[in-house]
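None of these values were measured; they are calculated from a predicted model. Letters A, B, ... are given to chains in the order of the sequence lines, protein chains preceding strands, and every chain is numbered from 1.
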Amino acid sequence: MARKAAGRPPEETLSLWKREQALLKTLVVDRDTEAWQRDPAFSGLQRVGGVDVSFVKGDSVSACASLVVLSYPELEVMYEDCRMVSLTAPYVSGFLAFREVPFLVDAVQQLREKEPRLMPQVLFVDGNGVLHHRGFGVACHLGVVTDLPCIGVAKKLLQVDGLENNALHKEKIRLLKAGGDSFPLMGGSGTVLGMALKSHDHSTKPLYVSVGHKMSLEAAVRLTHGCCKFRIPEPVRQADIRSRDYIRRTLGVQGAPALRPERSKKAQRPKACPQGASEEPAGLSLPRVHQDQGVGGTSERRMEATQSWLGLTAWY
DNA sequence: GCGACAG
DNA sequence: ATCTTGTCGC
């Protein structure tokens, strides 16, 4: 029975979720724990990971969860895992982790069992870390549960604890000059919750970087900059691209779904493309591709996974 | 009623 | 989050 991941959970459920966040928050380590994190060139760092969940358009349940591992500093994909999942929890601001994290944990766990040598030394997460309503965003959640260093990277400012995307904030953004420039995001309590980072020259919108787990904010910002070929850090960007491609290949194109099994040959026309605007260095080979099918039974397994943490996350 | 709203 | 190719600009 596929549950609908829509609507707002009852207050009772949100209370349980808040309690779990409060408990897990006590386990967050917001400082550097690894030697490479303090090295000026991050020497010793060889693998950076990224996770993402992409959705099927008209469907509030079907999604693709992906985990990729890239070499550092080359930023070439060494591992890719895309899997279709059935979401059960709806999206509620402040509780993103309860919607996405269980599947990401599964992916990390499978990598740990089957290809432990490819385990990333740090994970970039699409969303916030301690820059959060209760100081425990999805990046902290994933970090604590997997015990991996995690960095929260959000594309929009979460206006919390006095932070506002107002005129002053926009002016600060305008003053960022070169890629790598940043300014602190100070919460009402005087604590620095994160940094707004211009991820590369000529990027208008900044990234909002915050600590997820086992890493200082300074190292998180520096490494994020070091992983940006474009605005979005390469690990997250690759996870996003690949999960969306996986959905397209699996469910077909919107306009013409399963009715056309054709492998369009004219699409391979080697047309010269304008160098400037595009991306994709092209020529990507996938040495250690590890893709999974398995659309069935995900809902039940999610329940097991969530309940095994602390037994508080079920919302049925 | 108005504003806010990570993904 | 998702819908979207080519196009304009540096």
Side-chain angles (χ1 to χ4, degrees), chain A residues 5-9 14 17 21 50-66 84-85 87-104 124-143 150-166 169 179 185 187 193-197 200-212 224 230 232-233 236-237 239-241 243-248 251-257 264 266-267 269 271-280:
Chain A
R8 192 178 176 83
L14 295 182
W17 285 358
Q21 289 179 328
V51 294
D52 186 55
V53 177
S54 293
F55 303 82
V56 175
K57 179 189 171 185
D59 195 331
S60 63
V61 172
S62 300
C64 176
S66 65
M84 291 304 297
V85 300
L87 304 174
T88 57
Y91 169 68
V92 182
S93 181
F95 301 94
L96 176 62
F98 295 93
R99 177 168 167 81
E100 302 188 348
V101 147
F103 308 105
L104 303 178
F124 284 87
V125 182
D126 207 343
N128 293 295
V130 300
L131 173 44
H132 177 269
H133 305 66
R134 289 163 295 281
F136 192 73
V138 63
C140 298
H141 210 131
L142 185 59
C150 282
I151 299 173
V153 181
K155 295 181 283 296
K156 293 184 289 192
L157 175 64
L158 182 56
Q159 303 188 143
V160 71
D161 194 19
L163 293 174
E164 276 186 294
N165 184 18
N166 53 24
H169 181 76
L185 301 167
L193 300 177
M195 300 280 273
L197 168 72
H200 70 77
D201 309 334
H202 308 304
S203 181
T204 306
K205 298 182 57 169
L207 292 178
Y208 296 96
V209 180
S210 59
V211 170
T224 299
F230 304 97
I232 305 300
V236 171
R237 182 170 164 273
D240 177 60
I241 290 174
S243 59
R244 294 168 65 153
D245 273 356
Y246 190 80
I247 287 177
R248 251 169 272 178
L251 303 182
V253 185
Q254 293 303 322
S264 64
K266 69 174 183 178
R269 172 174 38 119
K271 176 94 176 189
C273 63
Q275 282 297 4
S278 279
E279 29 200 76
E280 285 314 305

Between A:His202 and A:Arg244, whichever has its closest DNA chain C nucleotide further toward 5' is A:Arg244

By the 4.0 Å heavy-atom rule, please label A:Gly152 as base, sugar-phosphate, or nothing. nothing

Notebook entry, point to check: Are the aromatic rings of A:His141 and A:Phe136 close, with centres under 6.0 Å apart?
Noted result: yes

Span of DNA chain B engaged by chain A, first through last nucleotide within the 4.0 Å heavy-atom cut-off, is B:dA4 to B:dG7

Between the CZ atom in A:Arg248 and the OG atom in A:Ser243, the distance rounded to the nearest 0.5 Å is 9.5 Å

Any A:Val138 side-chain heavy atom under 4.5 Å of A:Asp126 side chain: no

Here the gap from A:Ser62 atom OG to A:Ile247 atom CD1, rounded to the nearest 0.5 Å, amounts to 8.5 Å

Practice item. Looking at every strand, decide which applies to A:Tyr91 at a 4.0 Å heavy-atom threshold: base, sugar-phosphate, or nothing. Key: base

When rounded to whole Å, the CD1 to P distance for the pair A:Ile247 and C:dT4 reads 14 Å

task = Quick one: label A:Val53 by what it contacts on the DNA or RNA (base, sugar-phosphate, nothing), any heavy atom closer than 4.0 Å.
result = nothing

Output field dot_bracket for DNA chain C (Watson-Crick or G-U, both distances under 3.5 Å, | for other-strand pairs) contains ..........

d(A:Arg134 CZ, A:Asp161 CG) to nearest 0.5 Å is 12.5 Å

Check your understanding: Judged by atom type as modelled, is there a donor-acceptor pair below 3.5 Å linking the side chain of A:Gln159 to the main-chain atoms of A:Asn165?
Key -> yes

Under the side chain to side chain contact (heavy atoms under 4.5 Å, CB included) criterion, do A:Arg8 and A:Val92 qualify, and how do the steps go?
-> CA-CA 7 Å; A:Arg8 192 178 176 83; A:Val92 182; 3.4 Å; yes

- Message: Taking the ring of A:His133 and the ring of A:Phe95, is the distance between their centroids below 6.0 Å?
- Response: no

Just by modelled atom types, is the A:Cys64 backbone N or O under 3.5 Å from a matching donor or acceptor in the A:Ser54 side chain?
no

Any stem touching DNA chain B, meaning at least three consecutive Watson-Crick or G-U pairs under 3.5 Å, ordered by first number, would be none

**Message:** Under 4.0 Å, heavy atoms only, any strand: does A:Asp126 hit a base, just the sugar-phosphate, or nothing?
**Reply:** sugar-phosphate

The single option from A:Leu193, A:Leu158, A:Leu96 that satisfies side chain to side chain contact (heavy atoms under 4.5 Å, CB included) with A:Asn128 is A:Leu158

**Q.** Any donor-acceptor pair under 3.5 Å from A:Arg237 side chain to A:Gly50 backbone
**A.** no

